[in-house]
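Both counts, for ligands and for their atoms, begin at 1 and track the order of listing.
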Amino acid sequence: MRWLSIILMSVLVLTGLAFGLVYFVSEQKLSDRDAVLSFDLPIPEDEASIERGRHIARTRGCFGCHGQELAGKNFDEQWDWPKRAVAPNLAKYARNHDAATMEAAIRQGIGADGRELVSMPSYNFSSLRDDDLAALLGFLRAAPLVEEPLPSPALGWEARWGFVKGDELSMADWAAMVPPLRIDPAKDPELAEGEYLAMTMCNECHGLDLRGDTYGSTMGFGPPIPDLAIVATYDRTQFEALIESGVFPDGRRLGIMTLVAPDRFPSLSDLEIDRLHGFLQSLASTPAPEAFWRP
Ligand code: HEC
Ligand code: HEC
């Protein structure tokens with residue numbers, strides 16, 4: 001009897017220690033990058049900048065994840081990998097945080113508490129231009145405040161174990177790996193604009209460099225996501241139809257893009273679609289470089 005209770009106690013203690021270690025190491029991995037708090041552009045308040053900010057928020061998907069009224073959203077039913085992801089109320093957040101803190105969350109993937117974000121795709125925004133970011137912040141500050149109750153976020157053991165093993169990377173880790181924009185706007189303004197649009201809208205899913213992503217699929221998150229060089233096979237009309245609906249001409253629906261495209265991309269102007277189409281078509285002339293997100 002005595003031996004049995006000693007064994008039982010030891011198992012309990014060891015299990016407790018193992019969980020403690022996973023907790024400690026995962027917290028460490030989520031705080032090994034420091035935010036650079038240097039963004040100091042004034043937050044604009046004029047009508048034109050606020051409209052520009054609304055356009056950025058719409059086309060970059062802030063509404064889809066933070067709610068159509070920016071009141072925040074609980075992702076319990078959509079994704080369960082982190083256990084409970086909760087996108088905060090952005091209108092409220094923007095009133096309570098300064099520009100540098102918001103910049104760190106949006107472009108660097110580091111939250112106001114200094115901890116790296118886990119579900120917010122900051123790597124898709126890390127190439128946002130300073131003036132567009134300032135306009136976005138102006139829009140968020142001016143947006144009407146709608147408050148709804150939100151649960152607290154939670155990071156589960158499975159997700160923590162993923163961070164410990166290194167299979168999971170934080171949003172700050174991903175944001176730090178986004179390749180810089182290559183095209184010089186002084187030399188080719190149209191192509192550069194297309195690259196900017198693609199690198200702040202499409203690399204959320206199509207790979208950090210737009211040349212495809214199979215990393216998620218190897219971890220069981222849906223199908224491999226194609227290299228956008230495939231756009232060379234789309235004429236302008238077909239391209240617009242696909243990105244605005246997420247549905248192929250034959251009626252076949254695109255995985256997750258069918259969910260997000262109608263929320264984000266119908267707001268793109270004709271000129272923006274021209275630039276995006278032109279730039280993506282140019283990708284076909286270079287082979288996709290090797291990258292770990294295409295193992
Ligand atoms: C795919 C969904 C998604 C999209 C798109 C998205 N967010 Fe988030 N965001 C989240 C989630 C989930 C969180 C909660 C924190 C986390 O991910 O760890 C969050 C957190 C934040 C935070 C708070 C960070 C902190 O201090 O804790 C800010 C600010 C923010 N998002 C701004 C934006 C803006 C601005 C946009 C559009 C440019 C945007 N988000 C687009 C899902 C999203
Ligand atoms: C939220 C994720 C997501 C975003 C953001 C996204 N895509 Fe997609 N896209 C996908 C997925 C997933 C597929 C493939 C799904 C399938 O074939 O069922 C896809 C497929 C495509 C295809 C079809 C390729 C083919 O097989 O012919 C094109 C073209 C495309 N996307 C263009 C874009 C462009 C341009 C952008 C940015 C403006 C974009 N996508 C943004 C997820 C996304």
Side-chain angles (χ1 to χ4, degrees), residues 30 35 53 56-67 70 72-75 78-79 82 84-94 96-97 101-122 124-125 128 132-133 136-137 139-140 143 150 153-155 159 170-172 194 197-207 210 212-213 216-217 221-234 238-244 246-249 252-261 263-265 268 272-273 276-277 279-281 283:
L30 290 174
I56 299 291
R58 174 54 68 198
T59 52
R60 271 64 175 181
C62 315
F63 289 99
C65 286
H66 287 267
L70 302 172
K73 195 159 154 181
N74 173 8
F75 280 92
Q78 281 92 341
W79 341 302
R84 191 187 309 116
V86 181
N89 182 319
L90 278 188
K92 191 169 165 195
Y93 188 99
N96 298 336
H97 293 88
T101 306
M102 289 195 277
E103 188 273 345
I106 298 169
R107 288 201 303 206
Q108 302 173 45
I110 302 180
D113 58 1
R115 199 158 164 270
E116 294 165 43
L117 302 180
V118 297
S119 312
M120 146 93 175
S122 300
N124 196 28
F125 314 129
L128 268 185
D132 278 345
L133 183 72
L136 174 63
L137 300 183
F139 162 69
L140 296 177
L150 286 173
L155 192 61
S170 77
M171 293 301 145
L197 290 167
M199 289 292 286
T200 53
M201 292 197 301
C202 316
N203 62 350
E204 177 180 347
C205 305
H206 286 274
L210 309 166
D213 187 335
S217 73
F221 297 131
I225 307 185
D227 179 348
L228 284 182
I230 195 156
V231 171
T233 65
Y234 283 73
Q238 293 166 327
F239 178 67
E240 177 168 349
L242 180 82
I243 65 162
E244 292 193 346
V247 181
F248 282 111
R252 189 161 59 86
R253 299 165 79 81
L254 296 173
I256 185 172
M257 193 167 161
T258 309
L259 290 177
V260 304
D263 178 63
R264 301 181 184 180
F265 305 139
L268 290 172
E272 285 177 315
I273 296 177
L276 195 55
H277 185 232
F279 167 73
L280 292 174
Q281 286 201 311
L283 293 179

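Using a 4.5 Å cut-off on side-chain heavy atoms (C-beta onward), Leu128 and Leu136 make contact. No side-chain heavy atom of Pro223 sits less than 4.5 Å from a side-chain heavy atom of Ser217. Between Phe125 and Ile56 there is no side-chain heavy-atom pair separated by less than 4.5 Å. Within the 4.5 Å cutoff, the side chain of Met120 has heavy atoms near those of the His66 side chain. Using a 4.5 Å cut-off on side-chain heavy atoms (C-beta onward), Phe248 and Leu242 make contact. At least one side-chain heavy atom of Glu204 sits under 4.5 Å from a side-chain heavy atom of Arg264.
What sits closest to atom 32 (C) of ligand 2 on the protein, heavy atoms only, is Leu228 CD2, 3.4 Å. Among all protein heavy atoms, the one lying closest to atom 18 (O) of ligand 2 is Gly255 N, 3.1 Å. In terms of protein heavy-atom proximity, atom 2 (C) of ligand 1 is closest to Cys65 SG, 2.0 Å. Protein heavy atom at the shortest distance from atom 34 (C) of ligand 2 is Cys202 SG, 3.4 Å. Closest protein heavy atom to atom 22 (C) of ligand 2: Leu242 CD2, 3.7 Å. In terms of protein heavy-atom proximity, atom 27 (O) of ligand 1 is nearest to Leu117 CD2, 3.8 Å. The protein heavy-atom contact nearest to atom 43 (C) of ligand 2 is Cys205 CB, 3.4 Å. Here the protein heavy atom with the shortest distance to atom 11 (C) of ligand 2 is Ile225 CG2, 3.8 Å. At the top of the distance list for atom 17 (O) of ligand 2, counting protein heavy atoms only, stands Leu254 CD2, 3.7 Å. Atom 12 (C) of ligand 2 has Ile256 CG2, 3.7 Å as its closest protein atom, hydrogens excluded (heavy atom only). For atom 33 (C) of ligand 1, the closest heavy atom belonging to the protein is Met120 CE, 3.3 Å. Distance from atom 37 (C) of ligand 1 to its nearest protein heavy atom, with residue and atom name: Cys62 SG, 1.8 Å. For atom 23 (C) of ligand 1, the closest non-hydrogen atom of the protein is Tyr93 CE1, 3.5 Å. For atom 28 (C) of ligand 1, the nearest protein heavy atom (residue, atom name, distance) is Leu90 CD2, 3.7 Å.
Residue Phe265 approaches ligand 2 through these ligand atoms, each under 4.0 Å from one of its heavy atoms: 37 (C), 38 (C), 41 (C). The ligand atoms of ligand 1 that sit less than 4.0 angstrom from a heavy atom of Ala105 are 24 (C), 29 (C). Of all atoms in ligand 2, listed by their number and element, those nearer than 4.0 Å to a heavy atom of Phe248 are 23 (C), 25 (C), 26 (O), 27 (O). Per-residue contacts place Ala87 under 4.0 angstrom from the following atoms of ligand 1 (heavy atoms of the residue considered): 10 (C), 11 (C), 13 (C). Residue Met201 has at least one heavy-atom neighbour below 4.0 Å for each of these atoms of ligand 2: 5 (C). Each of the atoms 25 (C), 26 (O), 27 (O) of ligand 1 lies under 4.0 Å from some heavy atom of Gly111. Contact atoms of ligand 1 toward Ala112: 25 (C), 26 (O) (distance under 4.0 Å to a heavy atom of the residue). Counting the atoms of ligand 2 from 1 in the order shown, those under 4.0 Å from a heavy atom of Ile243 are 34 (C), 35 (C). Taking every non-hydrogen atom of Ser119 and a distance limit under 4.0 Å, the qualifying atoms of ligand 1 come out as 12 (C), 16 (C), 17 (O), 18 (O). Numbered from 1 in the order shown, with element, the atoms of ligand 2 that lie under 4.0 Å from a heavy atom of Phe239 read 35 (C). Ligand 1 places these atoms under 4.0 Å from at least one heavy atom of Gly61: 5 (C). Heavy-atom proximity to Phe125, at under 4.0 Å, picks out these atoms of ligand 1: 37 (C), 38 (C), 39 (C), 41 (C). The Val86 neighbourhood of ligand 1 comprises atoms 13 (C), 14 (C), with distances under 4.0 Å to a heavy atom of that residue. Per-residue contacts place Leu280 under 4.0 angstrom from the following atoms of ligand 2 (heavy atoms of the residue considered): 35 (C).
For residue Ser122, no N/O/S atom approaches atom 8 (Fe) of ligand 1 to within less than 2.8 Å. With a cut-off of 2.8 Å, atom 8 (Fe) of ligand 2 has an N, O or S atom of His206 in range.
Contacts between Thr233 and ligand 2 below 4.0 angstrom, taking non-hydrogen atoms only, are absent altogether. At a 4.0 Å heavy-atom cut-off, ligand 1 touches Pro121 through the side chain alone. Contact annotation for Leu259 and ligand 2: no heavy atom of the residue comes within less than 4.0 Å of the ligand. Counting heavy atoms under 4.0 Å from ligand 2, residue Asn124 does not touch it at all.
Considering backbone and side-chain atoms alike, His66 places an N or O below 3.5 Å from some N or O of ligand 1. For ligand 1, the polar-atom distance check against Glu204 finds no nitrogen or oxygen pair separated by under 3.5 Å. Taking only nitrogen or oxygen atoms, main chain and side chain alike, Asp113 does not reach within less than 3.5 Å of ligand 1. Considering both main-chain and side-chain atoms, Val118 comes within under 3.5 Å of ligand 1 through a nitrogen or oxygen pair. By the 3.5 Å distance cut-off applied to N or O atoms, Arg264 is not counted among the residues near ligand 2.
In this structure a side-chain-to-backbone donor-acceptor pair under 3.5 Å is present from Arg58 to Asp263. Not a single donor-acceptor pair under 3.5 Å links the side chain of His277 to the backbone N or O of Phe239. No side-chain donor-acceptor contact under 3.5 Å links Arg107 to the backbone of Ser122. Although no hydrogens or angles enter the test, the distance criterion places no donor-acceptor pair under 3.5 Å between the side chain of Glu103 and the main chain of Gln108. Checked by atom type and distance alone, the side chain of Lys73 never pairs as donor or acceptor with a backbone atom of Phe63 at under 3.5 Å. Judged by distance alone, the side chain of Asn203 and the main-chain N or O of Met199 form a donor-acceptor pair under 3.5 Å.
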Please lay out, stage by stage, how Thr200 and Arg60 fare under the test side-chain hydrogen bond (donor to acceptor under 3.5 Å, both in side chains). CA-CA 7 Å; Thr200 53; Arg60 271 64 175 181; 2.8 Å; yes

Begin from the C-alpha positions of Leu276 and Leu280 and carry the test side chain to side chain contact (heavy atoms under 4.5 Å, CB included) through to its verdict. CA-CA 6 Å; Leu276 195 55; Leu280 292 174; 4.1 Å; yes

Verify side chain to side chain contact (heavy atoms under 4.5 Å, CB included) between Thr258 and Val247, making sure each step is shown before the conclusion. CA-CA 6 Å; Thr258 309; Val247 181; 4.2 Å; yes

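Ligand 1 has Pro88 within reach: a non-hydrogen atom of the residue lies less than 4.0 Å from it. Using a non-hydrogen distance threshold of 4.0 Å, Pro226 registers as a contact of ligand 2.
With Leu30 as reference, Leu155 is the one residue of Leu155, Leu117, Ile110 to meet the side-chain contact (heavy atoms from CB on, under 4.5 Å) rule.
Atom CD1 of Ile256 is surrounded by 12 or fewer heavy atoms from other residues, nucleotides or ligands within 6.0 Å.
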